Number of protein chains: 2
Amino acid sequence: MDTKISYTGHPKILVATDCIVFGFDEGVLKILVFKRRIEPFKGEWSLIGNFVEEEESVTEAARRVLYQFTGLENIFLKELKVYSDVKRDSGARCISIAQYALIRIHDYDKGQVEGHGAKWFAMNELPGLVLDHNNMISDALDHLRQKATRKPIGFELLPEKFTIPQLQILYESIFQKKLDDRNFRKKVLSFDLLIKLDEKDKSTSKKGAFLYRFDYRKYKKLEKSGFNFVL
Amino acid sequence: MDTKISYTGHPKILVATDCIVFGFDEGVLKILVFKRRIEPFKGEWSLIGNFVEEEESVTEAARRVLYQFTGLENIFLKELKVYSDVKRDSGARCISIAQYALIRIHDYDKGQVEGHGAKWFAMNELPGLVLDHNNMISDALDHLRQKATRKPIGFELLPEKFTIPQLQILYESIFQKKLDDRNFRKKVLSFDLLIKLDEKDKSTSKKGAFLYRFDYRKYKKLEKSGFNFVL
DNA sequence: TCAAAAGTGTTGTACGTACACCCATGA
DNA sequence: TCATGGGTGTACGTACAACACTTTTGA
């Protein structure tokens, strides 16, 4: 009747973690998925995931699978939500801790991704995924939007040097709405967290757009106060 | 090497849930804790918690223990964070999903609380708790503050009928700072979610303060847009 | 009658929003 | 020279912050 009377007499449960891996490429937000290798639903699209082993935390398990698939370490990773419905996985009783990751899509190891049968899909071209993975994605997107309005989270998705129009397109693609260029630029610069470089990116226009770097040092100091990047 | 090659060959793990139960009483925010009944740390203060059983989700496990301790159902409950460090519990490898709950402190079943050796502590008089439970509380408080600025979460903690000064004291106690009465009242009323009653509460002043009810119906309609209750 | 809490309004400032034109350049 | 995307400034409205006095009533 009482709780925690003893550690014995309680079931142990399979614990997994699934990662919603966001990347930004060709002006659209993408998600990394792969073809599941075990029954049930073998061969169907799935988020990349892992079981949590004895000697690792949930975060470590997630970083392990991220490294396997992309070759990247030090990825931005944020816990999303626990999915624990008894019937969520028809293969076995298994709870999953969903986390979302933001990666610089051009940094990853392409061979490694393809070697694992993984593929990037644009948000609006996502296939149906196994189990509750589509729910996880939609929850992650809500969360990402929330977070992106308060923290300059978008920089995790861009290359180290980027232009303001690029940043704007990223935010437009996260929020699925057009933002006003003048106001966007004004606001982004007002935080004084971008360092203007002497280089221009001429790949998208003849005039060229100045490249910027994000000032992580200054950011850390301001972190507590919060941001609002959406106009 | 690959992930999820099979459901077998992966460890099963003890899964628990711990609840940070907030209540508001005598003008201060309180937390419900109880004396742990199992080794290690038997007899020390602990958050109320539960192991997750085979046939229930994490949320169900939490509601089960909340019901045991307070006799209440339909409590506001929000997932906080997963604590999964390999060494977090010296009794056994066990991950815990922390959740916080908001209850109307006068609604609960006092006999039930005391029967379980549980006790309410004011936030600033909290004893040291077992394991990582003090961390859980501090994370929960951060979360509660975040949430309280965007959602009218405070109503979960007050009795059904309450006065505006009461509501203000609650927010002051959550944020640990004085708020301006005039601005607070103005803002709270501006959402148009409070229904003024014909009764007054004279327990705290000779003049008496009008009682209000929260308009849940109207709230549900506005929910998506978000709020900002802090001035 | 007075102490103690409830209740009320105004004004300055900061920030968000809406909006239109010039600039630089390569083709 | 012109088409294309990059870059700039202003005016308005809304929302927050700061601030002091009047009202009610039981003791």
Side-chain angles (χ1 to χ4, degrees), chain A residues 26-28 145 148-152 158-159 161-173 175 177-213 222 225-231, chain B residues 26-28 145 148-152 158-159 161-173 175 177-213 222 225-231:
Chain A
E26 299 166 331
V28 293
R145 285 181 182 144
T149 60
R150 317 225 120 247
K151 306 264 176 183
L158 289 172
K161 299 173 181 181
F162 54 88
T163 66
I164 293 189
Q166 270 169 33
L167 183 61
Q168 180 173 344
I169 290 166
L170 169 57
Y171 273 84
E172 289 177 341
S173 123
F175 289 94
K177 69 174 177 191
K178 273 252 161 294
L179 302 176
D180 183 279
D181 351 359
R182 295 156 287 191
N183 294 339
F184 183 83
R185 176 180 298 267
K186 201 190 313 170
K187 180 147 200 181
V188 162
L189 291 175
S190 76
F191 292 115
D192 209 29
L193 287 173
L194 296 188
I195 301 166
K196 189 174 187 172
L197 305 177
D198 274 335
E199 299 170 70
K200 278 191 164 189
D201 169 29
K202 297 208 168 185
S203 64
T204 53
S205 78
K206 300 168 181 169
K207 182 178 180 182
F210 278 103
L211 287 162
Y212 289 80
R213 277 195 308 108
L222 296 171
S225 49
F227 296 84
N228 186 347
F229 274 92
V230 184
L231 310 172
Chain B
E26 299 166 331
V28 293
R145 286 184 181 141
T149 60
R150 317 224 119 250
K151 306 265 175 182
L158 290 171
K161 299 173 180 182
F162 54 87
T163 67
I164 293 188
Q166 271 169 32
L167 183 61
Q168 181 173 345
I169 290 167
L170 168 58
Y171 272 84
E172 289 177 342
S173 124
F175 289 95
K177 68 174 176 191
K178 273 251 160 296
L179 302 175
D180 183 279
D181 348 0
R182 295 156 286 192
N183 293 339
F184 183 82
R185 177 182 299 268
K186 202 189 311 167
K187 181 145 198 181
V188 162
L189 291 175
S190 77
F191 291 115
D192 209 28
L193 287 174
L194 296 189
I195 300 166
K196 188 175 188 172
L197 305 178
D198 273 335
E199 298 169 72
K200 278 190 163 187
D201 168 28
K202 296 208 167 186
S203 64
T204 53
S205 80
K206 299 166 182 171
K207 184 177 179 184
F210 277 104
L211 287 162
Y212 289 80
R213 276 195 310 108
L222 296 171
S225 48
F227 297 83
N228 187 348
F229 275 93
V230 186
L231 310 172

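Letters A, B, ... are given to chains in the order of the sequence lines, protein chains preceding strands, and every chain is numbered from 1. Every value quoted in this text rests on a predicted model; they were computed, and no experiment measured them.
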Applying side chain to side chain contact (heavy atoms under 4.5 Å, CB included) between R213(B) and each of L193(B), L194(B), L197(B), report the one that passes.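 Looking at L193(B), L194(B), L197(B), the match for R213(B) under the side chain to side chain contact (heavy atoms under 4.5 Å, CB included) is L197(B).
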What residue among I164(A), L167(A), L158(A) forms side chain to side chain contact (heavy atoms under 4.5 Å, CB included) with Y212(A)?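 Between Y212(A) and the candidates, side chain to side chain contact (heavy atoms under 4.5 Å, CB included) is satisfied uniquely by I164(A).
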Within this structure, what is the [atom1]-to-[atom2] distance between [X] and [N], rounded to whole angstrom?
X       : N       : atom1 : atom2 : value
F210(A) : dT8(D)  : CZ    : C1'   : 14 Å
K177(A) : dT17(C) : NZ    : C1'   : 12 Å
Q166(A) : dG5(D)  : CD    : P     : 14 Å
D181(A) : dT4(D)  : CG    : C1'   : 14 Å
N183(A) : dG13(D) : CG    : P     : 16 Å
D180(A) : dG6(D)  : CG    : P     : 14 Å
R185(B) : dA6(C)  : CZ    : P     : 8 Å
F191(B) : dA15(D) : CZ    : P     : 10 Å

For K187(A) and dG16(C), is the shortest distance between a side-chain N/O and OP1 or OP2 below 4.0 Å?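 Checking K187(A) against dG16(C): at least one side-chain N or O falls below 4.0 Å of OP1 or OP2.
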Please report the interatomic distance CZ(F210(A)) to OG1(T163(A)), rounded to the nearest 0.5 Å.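 That separation rounds to 12.0 Å.
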Using only modelled atom types and a 3.5 angstrom limit, is any donor from either the side chain of R182(B) or the base of dA18(D) paired with an acceptor on the other?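 For R182(B), whose side chain was compared with the base of dA18(D), there is no donor-acceptor pair (under 3.5 Å).
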Of all the base pairs, Watson-Crick or G-U under 3.5 Å, which form stems of three or more consecutive pairs involving DNA chain D?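 The stems are C:1-27 with D:1-27.
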Test K186(B) against N183(B) for side-chain contact (heavy atoms from CB on, under 4.5 Å), laying out the working first. CA-CA 5 Å; K186(B) 202 189 311 167; N183(B) 293 339; 3.3 Å; yes
List for me each residue that meets side-chain hydrogen bond (donor to acceptor under 3.5 Å, both in side chains) alongside S203(B), sequence neighbours excluded, and say none if there are none.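 Expected list: D201(B).
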Under the side-chain hydrogen bond (donor to acceptor under 3.5 Å, both in side chains) test, residues paired with K200(B) that sit two or more places apart: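 Testing K200(B) for side-chain hydrogen bond (donor to acceptor under 3.5 Å, both in side chains), a comparison that skips the adjacent residues, returns none.
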Atom pairs, protein N/O to nucleotides 22-24 of chain C N/O, distance under 3.5 Å:
from: dC23(C); atom 1: O2; to: K207(A); atom 2: NZ; distance (Å): 3.2

Counting C-beta onward and ignoring hydrogens, is there a side-chain heavy-atom pair between R185(B) and V188(B) closer than 4.5 Å?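 Contact flag for R185(B)/V188(B) side chains = no.
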Pairs touching residues 202-211 of chain A that satisfy salt bridge (charged side-chain N to carboxylate O under 4.0 Å, His left out), sequence neighbours left out: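 Output for this query is empty, none listed.
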The criterion is salt bridge (charged side-chain N to carboxylate O under 4.0 Å, His left out); which residues satisfy it with D198(A), sequence neighbours excluded?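 By the salt bridge (charged side-chain N to carboxylate O under 4.0 Å, His left out) rule, D198(A) matches no residue at all.
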Looking for any heavy atom pair under 4.0 Å, which part of the strands does K186(B) touch: base, sugar-phosphate only, or nothing?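 Answer is base: heavy atoms of K186(B) come under 4.0 Å of a base.
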